[in-house]
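As structure tokens, the structure follows; a few thoughts come after it.
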Amino acid sequence: MRRLGRSVLIAPTGLGALLTRPAPEVAARLIGARLKIDGVGGIIVETEAYDRHDPASHSFRGPTLRNAPMFGPIGQAYVYRIYGLHWCLNIVCDASTPGSAVLIRALEPLWNLDVMAERRGAVRPRDLCAGPGRLCQALGVTGAFNALPVAAAPFALDLGQPEPVLVGPRIGLRPGVETPWRFGRVGSPYLSRPFSE
DNA sequence: GTTCCGATGTACT
DNA sequence: GTACATCGGAACG
């Protein structure tokens, strides 16, 4: 515990401290965290890590207009459109390696399921947030959220207790598939896909 | 349960 | 032109 000035204490385990760390560590630690946007959300059960040394990462070839948030301040959102249709939500991290981020891939929906169901169309709770595109649709995430800080409204992000996590290869990519930077909550039925391999 | 396919923004060869 | 950090629906078993 560090003391600043007279009486302000900074918890070394807080979100701000975590986001200074490398992407794989952040991705693993975010499993079990509570994520809400305007009160709609749930528990993070699946994440993936990316950094600029990783051929699967948008940041691999250096800054562009699209990936600019990955090279900006840590703690902001990086929201991009994929396949021309869906949105994906990342959190920029790692104070020492610009170009790092964690993709939020799945939630266990817990709060305001009716809002999510309306945005997604009538789907069973298991499919509301099981995948990065579905999650963004359920939470109302669009490009308008790009570069917003996740530690302030409309976001609410609170860490849970550290817990053991599943580890495996990331989904849907060719280069970098050998890097096991996908993380999942043990026993969760809300993953986008099982961790069988 | 599986495979196949079309929707189409952005970066790149 | 091709390749994607994807999804939902159709066709099939």
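First the proteins, then the strands, lettered A, B, ... as listed; each starts at 1.
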Distances under 3.5 Å only, N/O to N/O: pair up the protein atoms with those of nucleotides 1-3 of chain B.
none

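- Screening A:R105, A:R170, A:R193 against A:E48 for a salt bridge (Lys or Arg N to Asp or Glu O under 4.0 Å) leaves a single residue, A:R105.
- Atom C1' of nucleotide B:dT10 and atom CG of A:N67 are separated by 11 Å, given to the nearest angstrom.
- Shown here, B:dA11 forms a base pair with C:dT2; the pair counts as Watson-Crick or G-U wobble because both key distances fall under 3.5 Å.
- Of all non-hydrogen atoms in A:E46 and A:I31, the two that sit nearest each other are N-CD1, 3.7 Å.
- The distance between atom CZ of A:F60 and atom P of C:dA5, rounded to the nearest whole Å, is 13 Å.
- Remark: the separation of the P atoms in C:dG13 and B:dC5 is 15 Å, to the nearest Å.
- When only modelled atom types and interatomic distance are considered, A:R119 and A:Q137 share no side-chain donor-acceptor pair under 3.5 Å.
- Cation-pi check for A:R182 over A:F195 is met; the charged atom lies under 6.0 angstrom from the ring centroid and within 45 degrees of its normal.
- Using a 4.0 Å heavy-atom cutoff across all strands shown, A:R170 reaches no nucleic acid atom at all.
- Residue A:R182 places none of its side-chain N or O atoms closer than 4.0 Å to OP1 or OP2 of C:dA5.
- Near-neighbour residues of DNA chain C inside residues 83-112 of chain A, defined by a heavy atom below 4.0 Å, number-ordered: A:Y83, A:H86, A:N90, A:L103, A:R105.
- Put simply, the side chain of A:M116 reaches to within 4.5 Å of the side chain of A:L139, judged on heavy atoms.
- Atoms CD1 (A:I82) and C1' (B:dA11) sit 13 Å apart, rounded to a whole Å.
- In this structure, CZ of A:R120 is placed 11 Å from C1' of C:dT6, rounded to the nearest angstrom.
- Rounded to whole Å, the distance from CG on A:L173 to P on C:dA5 is 6 Å.
- For A:P175, the listed nucleotide lying nearest its side chain is C:dC4; candidates were C:dT6, C:dC4, B:dA11.
- Across B:dC12, C:dA5, C:dC4, the shortest atom-to-atom separation from the side chain of A:R174 is found for C:dC4.
- Between A:R61 atom CZ and C:dC4 atom C1' the separation is 11 Å, expressed in whole Å.
- Put simply, A:R134 has a side-chain N or O that comes within less than 4.0 Å of OP1 or OP2 on C:dG8.
- Separating the CG atom of A:D127 from the C1' atom of C:dT6 is a distance of 14 Å, rounded to the nearest angstrom.
- For the pair A:L30/A:I104, a side-chain contact is recorded, criterion being any heavy-atom separation below 4.5 Å from C-beta on.
- Atom C1' of C:dA5 sits at a distance of 24 Å from the matching atom of B:dT2, rounded to the whole Å.
- The number of heavy-atom neighbours closer than 6.0 Å to CD of A:E163, taken from other residues, nucleotides and ligands shown, is above 12.
- Nearest-nucleotide assignment on DNA chain C puts the 5′-proximal partner with A:G172, out of A:G172 and A:V123.
- The backbone N or O of A:W181 lies less than 3.5 Å from no partner atom in the side chain of A:T179, so there is not a single donor-acceptor pair.
- In this structure, the side chains of A:R34 and A:I43 come closer than 4.5 Å at one or more pairs of heavy atoms.
- The CZ atom of A:R29 lies 5.0 Å from the CG atom of A:L159; values are rounded to the nearest 0.5 Å.
- Following rounding to the nearest Å, A:L65 (CG) and B:dT10 (C1') show an atom-to-atom distance of 10 Å.
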